[in-house]
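Presented below is the structure to which this report refers.
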Amino acid sequence: MLDTDLNNAAARKQELEQAEDSAIFGDGDVGAVRTALTDCNVAIALLEKTIEAADKRRAAAAQSEARADIAALGDEIKSKAASLGERWRTVHRLIEQLRQELFEADALNRAITTANGLFDAAGVADLKINLTTTRRAAMAGPRATLPARLSRPAMQADRLLLSFLSPGGALDPRPALGAPVESVKSKFIPASERG
């Protein structure tokens, strides 16, 4: 509205300037035209100041709104940082729990390996426990779905964690040649047993 008023006042000023030119050459009252022109100039100056003040108020309001948005984002990020800290504490607790479970599983694994050796020596191989089959069966099951976006460090950590679950991974070394895996005996015949 102010811009429209300013445009109208500028058009009126142009008309009055033309009327002043005509009045100077005897077509009209020069004094009345000049008074109207002065009033028009005052109105234009007032409108320009009003528009400038409105622009400043608009800019200040936009800046204030931007500051409010930044403050709100700051609060949201603080909340996310607290949640992130809680997640890392959970990760730490689970990793320590995993380590403890690995230590205990390793102790059981060593005990069973020793017993398997004794069963072999005693000629009762049917009592042996297949550690590979046991481990693979225990680690089978559903896995978490990867999110659509994952950072490079998170992908590397995920691959490392999956290596504990995957056949042939960190906890699943290749069985000896000829050893049965998942109850399937290999067709490999050692050289010493070949005819």
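Keep in mind the model is a prediction, meaning the values are calculated, not measured.
The shortest heavy-atom contact between Ala125 and Asp120 is CB-OD1, 3.9 Å.
Remark: the backbone N or O of Glu86 is paired with a side-chain donor or acceptor of Thr90 at under 3.5 angstrom. A donor-acceptor contact shorter than 3.5 Å is absent between the side chain of Asn109 and the backbone of Leu131. Without hydrogens or angle criteria, Thr134 side chain to Asn130 main chain gives a donor-acceptor distance under 3.5 Å.
Met139 and Leu98 fall within the same hydrophobic cluster, defined by Ile, Leu, Val, Met, Phe, Trp and Tyr side-chain heavy atoms under 4.5 Å apart, directly or through other members. Criterion: ILVMFWY side-chain heavy atoms under 4.5 Å apart, direct or through other members. Under it, Trp88 and Leu94 are not part of a common hydrophobic cluster. Two different hydrophobic clusters hold Leu108 and Leu102 under the rule that ILVMFWY side chains link at heavy-atom gaps under 4.5 Å. There is a path of hydrophobic side-chain contacts, each under 4.5 Å, that joins Val91 to Leu84.
Expressed to the nearest 0.5 Å, how far CZ of Arg159 lies from OG of Ser166 amounts to 12.0 Å. Distance OG1/Thr50 to CZ/Arg57: 8.0 Å, rounded to 0.5 Å. Summarising the geometry, atom CD belonging to Glu101 is positioned 5.5 Å from atom CD belonging to Glu104; distances are rounded to the nearest 0.5 Å.
Asp55 is listed as a side-chain neighbour of Ile51, based on a closest heavy-atom distance under 4.5 Å. At a threshold of 4.5 Å between non-hydrogen side-chain atoms, the residues Gln97 and Arg93 count as touching. Between Leu162 and Arg143 the shortest side-chain heavy-atom distance falls below 4.5 Å. Put simply, the side chain of Leu73 reaches to within 4.5 Å of the side chain of Ile77, judged on heavy atoms.
Shown here is Gln156, whose CD atom has more than 12 heavy atoms of other residues, nucleotides or ligands within 6.0 Å.
Think of Leu127 as one node in a network of Ile, Leu, Val, Met, Phe, Trp and Tyr side chains linked at under 4.5 Å; its network also takes in Phe119, Val124. Ile70 shares a hydrophobic cluster with no other residue; no ILVMFWY side chain has heavy atoms under 4.5 Å from its own.
Partners of Ser163 under the side-chain contact (heavy atoms from CB on, under 4.5 Å) rule, at least two apart in sequence or in another chain, are Leu160, Ala170.
With respect to Arg99 and Glu96, a salt bridge is recorded, a charged nitrogen being found less than 4.0 Å from a carboxylate O.
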